Amino acid sequence: MTRKLGCRPAETRAGQPHLSVMRGFCARKAPPHLIRDHIDPAPLMLGNDVLGDCTSAGLGNHARATAALGGFQVDVTTAQGEAFYSLSTGYVLGDAINVNGGYAMVTHNRVSNAGDGCIAFNNGARGTISDNVLTKCNLVIGAGPEGETTDTDIAQNISITANTFDTCQYGVNMGDYGYAGRSGPVNWQITGNTFRDTENVGIEYDINPAAPINGTITGNTFYGTGSTNYDGTAYANAHDIRINGGSNINIVGNSFMSPKATANTQTAVKVYNSTSYNISNNTVYDPAGGHYIYTLYSSYSTNGTINGNTITNAGTGILFDGTQGMYYSTASNNIMIGMATNGVEVVTEAYFSVMMGNVMSVNSAGTGILLPSKGLMFSVVGNVITMGSGTAITPAPSSGWTDVTIYANTPGGSTVPAAIINGVTQ
């Protein structure tokens, strides 16, 4: 006996009761195939011809095809497809070149008037950005955020080398961009670039809370920072370099020339809320003077070295401030000529720190070295200070000082306090 799966076809038996309305329904037969050749799903590119938003475009076209089967249609625009892609992946709309993860070499391009950004490295993207000419962008190069701060593989390594940045609002901006729990880029190098007429900040790194970044900024030239050529805005607090929240940072061998910001508001290098930093062998030159209020500025930062820099025509050459002032830090062998306010100033306190071998000239009624009223085991030794009419080193020894040494300093046009070695007046 042959057995088959399934049921036998329905049979109509004599005397079987029927609903009269079902007779016609039961007599109908289904078509041999489903006819859909008159249905147009009307597919759209939704930006996939210029972006890698294939998933976003696929979802949009799936919605349109499903609607078409039902005899109607839904409107999905390119802007909506790109916005979905942006929110899903972190892609920033408006960037001329966007690397969203992975490794890339971006080289020998010329990008102008990109609106938002010239080049963006997002979501852990790594690689090299070199030999590009980048002009008239709001932000020239942006990088970040990285992965979660608990990740062990966030060391992506970015090298930004030999590019020309011309007439932009921001040059390089890296950080976590406010994403909680995310890291900023780490293991990066910014070397041999030219920044010309940057309106606001040449190089910025910004994360919160502070974290190790292993960053190097070396051999770059900054010319005319604070210029209004980008969009006419005059920023009252322009910076050539501004670091917030990093550690293991080297800012070495850069040139800062001809600042153009609002008078007495600009800063060449500011390190804020950071630790283990090195600012050495840089040259800062303002031909006319009157632009830099602070030149090398350490704020709420510790374990720093400021060594061998040459500064000409500024307000204050080197400033330490914040809760800990100058903490486990050194300022040595710097040359500061034509300071209008102070050579070296320390606010709040100085702990376990050294100022040694600096040469400075201070105009008018400024101060050569302005010390805090509180300190422990700090030394001011072997500095050469030429004054206008101000004071070479002030204040006089304070009751808030413990084991302080002020010794072998050479004043010109002023006097210094009596020598003190380990808190004992000589």
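Atoms considered below: every heavy atom in the structure, side chains included; atoms not considered: hydrogens, waters and symmetry mates. If you're wondering where the values come from, they're calculated on a predicted model, not measured in any experiment. In this chain, residues are counted from 1 in sequence order.
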Worksheet item: When you measure from the side chain of Asn409 to the backbone N and O of Asn383, does any donor-acceptor pair fall under 3.5 Å?
Response: yes
Item to complete: Using salt bridge (charged side-chain N to carboxylate O under 4.0 Å, His left out) as the criterion, list what pairs up with Arg196, not counting sequence neighbours.
Response: Asp166
Worksheet item: Among pairs that include at least one residue of residues 299-343, which meet ring pair (Phe, Tyr, Trp, His ring centres under 6.0 Å), considering only residues two or more places apart or in two chains?
Response: Tyr272-Tyr300, Tyr328-Phe352
Discussion item. For Tyr223, I'd like to know if atom OH has over 12 heavy atoms of other residues, nucleotides or ligands within 6.0 Å.
Written reply: no
Fill in: Distance in Å, Ile385 CD1 paired with Met336 CE, rounded so as to fall on 0.5 Å steps
8.5 Å
Worksheet item: Between Cys118 and Cys137, does the SG-SG distance stay under 2.5 Å?
Response: yes
Item to complete: Output all residues satisfying ring-ring contact (aromatic ring centres under 6.0 Å, His included) with Phe165, sequence neighbours left out; order by chain, then residue number.
Response: Phe195
Worksheet item: How about Asn122 and Asn98: do any of their side-chain heavy atoms sit closer than 4.5 Å?
Response: yes
Worksheet entry | Side-chain heavy atoms of Tyr297 within contact of Asp321, under 4.5 Å | yes
Worksheet item: Heavy atoms, side chains only, cut-off 4.5 Å: are Met326 and Thr348 in contact?
Response: no
Worksheet item: Please walk me through it: do Thr394 and Leu370 pass side-chain contact (heavy atoms from CB on, under 4.5 Å)?
Response: CA-CA 5 Å; Thr394 191; Leu370 181 57; 3.4 Å; yes
Worksheet item: Nearest heavy-atom pair of Met339 and Ile311: which atoms, and what distance?
Response: CE-CG2, 3.7 Å
Item to complete: Take Val347 and Leu319 through the side-chain contact (heavy atoms from CB on, under 4.5 Å) test and state the conclusion after the steps.
Response: CA-CA 8 Å; Val347 180; Leu319 172 64; 4.0 Å; yes
Practice prompt. Can you see which heavy atom on Ala350 is nearest to which on Pro372, and at what distance?
Written response: N-CG, 3.6 Å
Practice prompt. Write down the atom of Gln189, the atom of Asn157, and the distance for their closest heavy-atom approach.
Written response: OE1-OD1, 3.5 Å
Item to complete: May I ask you to test the Val269-Phe256 pair for a side-chain heavy-atom distance under 4.5 Å?
Response: yes
Worksheet entry | Positive for side chain to side chain contact (heavy atoms under 4.5 Å, CB included) with Asn61, one of Asn48, Leu44, Val76 | Leu44
Practice prompt. Please determine, by modelled atom types, if Thr161 and Ser159 share a side-chain donor-acceptor pair under 3.5 angstrom.
Written response: yes
Worksheet item: Should we count CE of Met257 as having more than 12 external heavy atoms under 6.0 Å?
Response: yes
Worksheet item: Taking atom types as modelled and ignoring hydrogens, do the side chains of Thr107 and Ser130 form a donor-acceptor contact shorter than 3.5 angstrom?
Response: yes
Item to complete: Kindly indicate whether the side chain of Tyr285, heavy atoms from C-beta on, has any atom under 4.5 Å from the side chain of Pro287.
Response: yes
Item to complete: On the 0 to 90° scale, with breaks at 30° and 60°, tag the Trp401-Phe378 ring pair as parallel, tilted or perpendicular.
Response: perpendicular
Fill in: Sidechain-backbone polar pair: Gln266 side chain, Thr225 backbone, donor-acceptor under 3.5 Å
yes
Worksheet item: Which value, rounded to the nearest 0.5 Å, describes the distance between Thr402 atom OG1 and Lys374 atom NZ?
Response: 9.5 Å
Worksheet entry | Tyr205 (side chain) donor-acceptor with Pro185 (main chain) under 3.5 angstrom | yes
Discussion item. Rounded to the nearest 0.5 Å, what separates atom OG1 in Thr135 from atom CG in Asn229?
Written reply: 12.5 Å
Fill in: CA sep, side-chain torsions, deciding dist, call: Asn278, Val252, side-chain contact (heavy atoms from CB on, under 4.5 Å)
CA-CA 7 Å; Asn278 174 29; Val252 179; 3.7 Å; yes
Worksheet item: Is a side-chain donor or acceptor of Gln169 paired with a backbone partner of Tyr230 at a separation under 3.5 angstrom?
Response: no
Worksheet item: From Gln324 CD over to Glu349 CD, what is the distance, rounded to the nearest 0.5 angstrom?
Response: 7.0 Å
Worksheet entry | Flag, side chain of Asn334 to backbone of Gly308, donor-acceptor distance under 3.5 Å | yes
Worksheet item: Between Trp188 and Ile213, is any pair of side-chain heavy atoms under 4.5 Å apart?
Response: yes
Practice prompt. Keeping the roles fixed (side chain from Asp286, backbone from Ser258), state whether a donor-acceptor pair exists under 3.5 Å.
Written response: no
Worksheet item: What heavy-atom pair brings His291 and Ala261 nearest, and what distance separates the two atoms?
Response: CD2-O, 3.1 Å
Discussion item. Walk me through whether Asn237 and Thr265 qualify under side-chain contact (heavy atoms from CB on, under 4.5 Å).
Written reply: CA-CA 5 Å; Asn237 192 26; Thr265 63; 5.7 Å; no
Discussion item. Side chains of Asn313 and Tyr292 only: does a donor on one sit below 3.5 Å from an acceptor on the other?
Written reply: no
Worksheet item: Does some side-chain heavy atom of Asn309 sit less than 4.5 Å from a side-chain heavy atom of Val284?
Response: no
Discussion item. Would the distance check show the side chain of Thr405 and the main-chain N or O of Ser379 forming a donor-acceptor pair, the cut-off being under 3.5 Å?
Written reply: no
Worksheet item: So, Thr275 versus Thr302: side-chain donor-acceptor pair below 3.5 Å or not?
Response: yes
Fill in: Leu59 side, atom CG; Phe84 side, atom CZ - distance, nearest 0.5 Å
5.5 Å
Fill in: Gap between atom CE of Met360 and atom CE of Met355 - 0.5 Å precision
9.0 Å
Worksheet item: Closest heavy-atom contact between Glu204 and Arg242?
Response: OE2-NE, 2.8 Å
Worksheet item: Is the backbone of Ala331 close enough, under 3.5 Å, to the side chain of Asn358 for a donor and an acceptor to pair up by distance?
Response: yes
Discussion item. If we ignore hydrogens and angles and just use 3.5 Å, is the side chain of Asn282 paired with the main-chain N or O of Gly253 as donor and acceptor?
Written reply: yes
Worksheet item: Backbone N or O of Asn220 within a donor-acceptor pair of the Asn254 side chain at under 3.5 Å?
Response: yes
Discussion item. If you compare all heavy atoms of Leu139 against all heavy atoms of Gly171, which two are closest, and at what distance to 0.1 Å?
Written reply: CD1-O, 3.9 Å
Worksheet item: Are Leu371 and Ile393 side-chain neighbours, meaning at least one heavy-atom pair lies under 4.5 Å?
Response: yes
Item to complete: Scan Asp240, Thr198, Asn193 and name whichever one has a side chain to side chain contact (heavy atoms under 4.5 Å, CB included) with Phe222.
Response: Asp240
